Amino acid sequence: MQNKPIGVFDSGVGGLTCVKELRKLLPNEDIIYFGDTGRVPYGNRSNQTINKYARQDADFLISKNVKAIIAACGTVSSVATSLGDSLNVFYTGVLKPTAKAAVKATKNGKIAVIGTTATIKSGSYEREIMSIHPEINIITQDCPLFVPLVENGFVDNNNQITRLTVEHYLKNIKLSGADTLILGCTHYPIIKHIIRDYMGDNVTLIDSGSATAEYCAGYLSDNNMLNNKESAGTAEFYVSDTTEGFSMLAGLFLNEKVSNNVYHIDIGALAAKK
Ligand code: DGL
């Protein structure tokens, strides 16, 4: 069982922030990634649609015989809250590990959360943080333009459109005096350098993708579920739209060649066959 791959999914390239950290922490693990690039963004869809997509994404990974599933997606983690109940493999979303890391990091008890509209509307981070520490002061902001900017590759440090958008969404958070900022959507760490520039060095940025990878690595290790092969782990990437754009962005972000191992699937047709 432990030599099976780890399955990771997101609506697009965002979940790669989790994959990048997983590959660093667990270099022998095989990873199967699904990015639902044909249906991104999830964050401004209805709860019913997000639940349906999340189920189909998890079913696809189950069909790949994975030992664990990570919903590396703040939106799915916030809205499809019972997804893990029906899966018979280890499952985690990003919410708990990220909230825990933020509570640990804050010194002044003020945490800001940014995420997709669905994530912020769900109140998931407030609930999760309050359950750990009821005294924390929380400020939230949805940033619906960040995901399309990232998916379209507007990630360069000098990109003026992205810089202005960051300023637009983060102005009030900067004024709030929060010392910790949760990047509650896994796409956001891809523009972390721009967010960092705007917020300054005194604010700790919590990357939901990497906090979740750390949690998952700890769980697999504690439960004797780590791959015991000596060779380097492999990665396969599946997307529901064209492979080219994904390969380019993924290669850039992961700092490795991603092209021979990217495959297209028709997620809707696969779900209909079930
Ligand atoms: N990366 C996802 C998240 O963490 C999804 C963003 C989207 O599709 O809107 O919320």
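As the structure lists them, so they are numbered: ligands from 1, and atoms in each ligand from 1. Computed from heavy atoms alone, side chains included, the values below leave out hydrogens, waters and symmetry copies. Keep in mind it's a predicted model, so treat the numbers as computed, not measured.
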What residues, two or more places apart in sequence or in another chain, satisfy ring pair (Phe, Tyr, Trp, His ring centres under 6.0 Å) together with F90? Y219

In plain terms, say whether K100 and E128 are close enough for a salt bridge, that is, a side-chain N and a carboxylate O under 4.0 Å apart. no

Note down each nitrogen or oxygen pair, ligand 1 side and protein side, whose separation is under 3.5 Å; give only atom names and the distance to 0.1 Å.
residue	atom	partner	partner atom	Å
ligand 1	1 (N)	D10	OD1	2.9
ligand 1	1 (N)	D10	OD2	3.4
ligand 1	1 (N)	T186	OG1	2.9
ligand 1	1 (N)	H187	ND1	2.7
ligand 1	4 (O)	G74	N	2.5
ligand 1	4 (O)	T186	N	2.8
ligand 1	4 (O)	T186	OG1	3.3
ligand 1	8 (O)	S11	OG	2.6
ligand 1	8 (O)	Y42	N	2.6
ligand 1	9 (O)	Y42	N	3.3
ligand 1	9 (O)	G43	N	2.8
ligand 1	10 (O)	G74	N	3.3
ligand 1	10 (O)	T75	N	3.0
ligand 1	10 (O)	T75	OG1	2.6

Using the test salt bridge (charged side-chain N to carboxylate O under 4.0 Å, His left out), find all partners of K229 that sit at least two apart in sequence or belong to another chain. D30

Cationic N near anionic O, under 4.0 Å, R39 to D241: no

Looking just at side-chain N and O atoms, do T116 and T75 make a donor-acceptor pair shorter than 3.5 Å? yes

My understanding is that only residues two or more places apart in sequence, or in another chain, count here; which of them pass ring pair (Phe, Tyr, Trp, His ring centres under 6.0 Å) with Y42? Y53

